[in-house]
Number of protein chains: 2
Amino acid sequence: MVVALKPSLAPRPLLSPDRADRSIRSDCERCSARTISVCGAVDDPDLQRLGALAEVIKLEPGAVLIREGEPAPHVFNITGGSLRVYKLLPDGRRQITGFLFAGDFLGLAIGETYVFSAEAMEVSTVCRFRKGPFRALVAGSPPLEHMLLHRTSHELAAAQNQMLLLGRKTAIERMASFLLDLPGHDPSRPTAPGHVRLPMKRGEIADYLGLTIETVSRVLTRMKVKGLISIPSQNELIVERPERLRQHASGEV
Amino acid sequence: MVVALKPSLAPRPLLSPDRADRSIRSDCERCSARTISVCGAVDDPDLQRLGALAEVIKLEPGAVLIREGEPAPHVFNITGGSLRVYKLLPDGRRQITGFLFAGDFLGLAIGETYVFSAEAMEVSTVCRFRKGPFRALVAGSPPLEHMLLHRTSHELAAAQNQMLLLGRKTAIERMASFLLDLPGHDPSRPTAPGHVRLPMKRGEIADYLGLTIETVSRVLTRMKVKGLISIPSQNELIVERPERLRQHASGEV
DNA sequence: CGCAGTGTTGAGACGCTTCAACTCACGTGG
DNA sequence: CCACGTGAGTTGAAGCGTCTCAACACTGCG
């Protein structure tokens with residue numbers, strides 16, 4: 001059973017970061033700033049029980065996992081790939097509220113129906129839990145509950161950063177912030193410093209940053225011309241001047 | 001000892017909503033849609049212990065409770081009044097990420113320093129807890145931890161709504177959303193239907209909605225001319241056409 | 001009465017969006 | 001092997017919504 005978690009629990013023994021097929025991810029990007037994997041026998045009985053509850057689902061690119069407004073019987077944990085989470089207005093305007101990667105939870109919010117939609121951006125795998133048993137198990141396991149609170153608090157802090165971005169930053173500041181933040185969320189195989197993997201299309205970046213496709217494209221071009229970044233291919237990008245980008249991200253230019 | 005909580009625990013006996021001096025607020029606005037107060041003897045020993053940890057602080061309007069970037073030794077619970085929570089860019093641009101009222105928690109996010117600032121908008125009272133003992137108590141009390149997770153999840157859902165607002169809504173849509181949402185967050189004395197208390201100034205509304213003061217003023221005027229609202233005084237507002245306002249809020253006009 | 005803080009209104013400027021044309025990469029089939 | 005089609009991305013020109021700057025109105029208070 002595959003379960004990917006990013007608990008904030010006491011440190012676990014560090015083993016090889018490979019063998020994702022039977023690994024439990026254990027990290028806390030804001031606390032310990034690293035993604036580690038714990039493989040082999042799982043010592044925590046709660047995590048084992050959690051794994052026993054799970055049902056593994058594989059998603060093709062574009063597959064819809066959650067549709068806003070529909071009944072919400074499940075909680076999900078992403079074990080591989082990446083998903084976009086978004087909300088829609090009736091006329092089709094879309095705001096992507098987050099990109100999720102391996103280890104992230106989805107659908108924790110209390111309520112009868114989902115309040116957002118979620119789709120796979122690439123081939124992805126998720127663990128699905130029925131809400132009732134999941135809640136029951138969590139309620140009976142303080143460490144699990146604590147981990148969820150910890151992660152949700154982090155997400156809330158990230159959401160506040162995004163509000164600052166959407167409410168007050170210019171297009172280039174938004175893009176700079178995005179390019180600097182993205183690698184920290186994506187636990188996929190360690191990339192060279194400055195190297196950013198872009199599993200999402202321009203339109204998704206636009207809907208995440210509250211811009212249009214055209215503006216995203218223009219800003220990237222401007223950054224390229226300025227020598228801040230280079231774009232070897234559509235799906236990857238290299239930050240050439242991280243310090244200058246950081247200045248842009250915080251509005252100091 | 002004054003403690004204001006909005007736990008998602010099992011229902012408690014409903015008593016008089018007054019006597020705020022010794023009350024424990026107990027509600028779940030999104031689940032049960034009402035704010036109730038439980039007064040008199042507190043039966044939950046965890047809440048009593050929480051109360052014993054608290055230190056009551058009174059804030060004058062404009063008083064700074066939390067400054068972004070400073071060490072974060074405390075967790076707060078608001079027992080009266082209202083606070084604004086915000087983030088700043090170096091050049092002074094401000095994004096207010098939320099308005100907090102009685103029952104709300106503040107400073108839960110894990111980290112060495114606060115990642116936002118908070119100021120009182122009116123005369124307010126808060127309970128202050130040192131983080132260590134607070135965490136210890138919460139860790140030892142599953143119901144408390146559960147309540148915090150529940151509340152944080154709600155805040156996260158609200159934050160996602162705000163991202164949709166900031167990223168994709170027009171000025172009038174933002175204002176309409178704001179006027180409809182605000183009463184649901186403010187548990188202060190029950191107001192007549194359609195009646196909205198505005199404890200914040202225009203500049204704060206602007207910084208919450210990602211607009212300027214002038215745009216806020218213009219939009220309110222437009223709404224007034226259209227007959228959607230009326231403004232008896234600077235600090236209060238009456239929604240005359242809730243259904244039309246709701247259409248605007250969801251972008252259907 | 002005068003002052004300061006707050007809110008409103010107007011005119012022009014600006015940044016992003018909209019609309020449209022074009023390029024590029026990739027896959028398919030004649 | 002190349003013509004063709006499609007989806008994604010880029011670039012240009014014009015439009016529009018909000019911002020900026022400025023003047024004015026209102027309120028409360030010493």
Side-chain angles (χ1 to χ4, degrees), chain A residues 60-62 84 89 91-96 119 121-122 165-179 198-226 229-237 248 251 253, chain B residues 60-62 84 89 91-95 119 121-122 165-179 196 198-226 229-237 248 251 253:
Chain A
E60 297 300 319
R84 51 178 176 262
L89 289 174
D91 63 1
R93 280 175 283 174
R94 178 178 69 165
Q95 179 64 40
I96 293 182
E119 296 172 5
M121 295 197 293
E122 52 192 332
L165 181 149
L166 292 170
R168 289 301 181 216
K169 289 186 182 179
T170 66
I172 194 165
E173 290 165 357
R174 294 179 197 205
M175 184 59 69
S177 304
F178 171 67
L179 294 178
L198 293 177
M200 65 290 291
K201 303 186 195 303
R202 297 291 183 271
E204 291 162 350
I205 298 177
D207 282 351
Y208 180 62
L209 299 179
L211 301 170
T212 59
I213 292 182
E214 295 92 326
T215 299
V216 166
S217 179
R218 279 185 251 270
V219 167
L220 284 175
T221 301
R222 259 199 286 161
M223 284 182 167
K224 214 163 49 181
V225 170
K226 282 187 174 185
I229 61 169
S230 58
I231 306 180
S233 87
Q234 303 275 56
N235 291 321
E236 52 188 345
L237 181 149
H248 272 108
V253 180
Chain B
E60 296 300 318
R84 53 176 174 263
L89 289 173
D91 64 0
R93 278 174 286 173
R94 179 177 71 166
Q95 179 64 39
E119 295 172 5
M121 293 197 292
E122 52 192 333
L165 181 150
L166 292 170
R168 289 300 180 217
K169 290 187 182 178
T170 66
I172 195 165
E173 289 165 359
R174 293 179 198 205
M175 183 60 67
S177 304
F178 172 66
L179 294 178
V196 182
L198 294 175
M200 64 290 288
K201 303 185 195 304
R202 297 291 184 273
E204 290 161 350
I205 298 176
D207 283 352
Y208 180 63
L209 299 180
L211 301 170
T212 59
I213 292 181
E214 296 92 326
T215 299
V216 166
S217 180
R218 279 186 252 268
V219 168
L220 285 175
T221 301
R222 257 198 287 162
M223 285 182 166
K224 213 164 49 182
V225 170
K226 282 187 174 185
I229 61 169
S230 58
I231 306 181
S233 86
Q234 303 275 53
N235 291 321
E236 51 188 347
L237 182 148
H248 271 109
V253 179

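In the text below, chain A, chain B and the rest are named by the order of the sequence lines, each starting its count at 1.
- The outermost nucleotides of DNA chain D lying under 4.0 Å from heavy atoms of chain A, listed 5' to 3', are dA8(D) to dA13(D).
- A donor-acceptor contact shorter than 3.5 Å is absent between the side chain of E236(B) and the backbone of L198(B).
- Of all the residues in residues 169-179 of chain B, not one reaches under 4.0 Å from DNA chain C with any non-hydrogen atom.
- When heavy atoms are screened at a 4.0 angstrom cut-off, Q234(A) is found touching the sugar-phosphate backbone but no base atom.
- Note on residues 169-179 of chain B: pairs passing salt bridge (charged side-chain N to carboxylate O under 4.0 Å, His left out), not counting sequence neighbours, are R93(A)-E173(B).
- Nucleotides of DNA chain C that come within less than 4.0 Å of any heavy atom of chain A span, from the 5' end to the 3' end, dC16(C) to dC19(C).
- Residue P199(A) is tested with M121(A), R84(A), E204(A) for a side chain to side chain contact (heavy atoms under 4.5 Å, CB included); the sole match is M121(A).
- Positionally, the nearest nucleotide of DNA chain D for N235(A) lies more toward the 5' end than for the other of R218(A) and N235(A).
- Side-chain N or O atoms of R168(A) include one that pairs as donor or acceptor with a backbone N or O of R94(B) at under 3.5 Å.
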Can you list, pair by pair, the side-chain donor-acceptor contacts under 3.5 Å of residues 210-219 of chain B, counting residues two or more places apart and other chains?
residue : atom : partner : partner atom : Å
T212(B) : OG1  : T215(B) : N            : 3.3
T212(B) : OG1  : T215(B) : OG1          : 3.1

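- To the nearest 0.5 Å, atoms CD (Q234(B)) and CZ (R202(B)) are separated by 5.0 Å.
- Looking at residues 199-213 of chain B, you'll see G210(B), L211(B), T212(B) sit with a heavy atom under 4.0 Å from some atom of DNA chain D.
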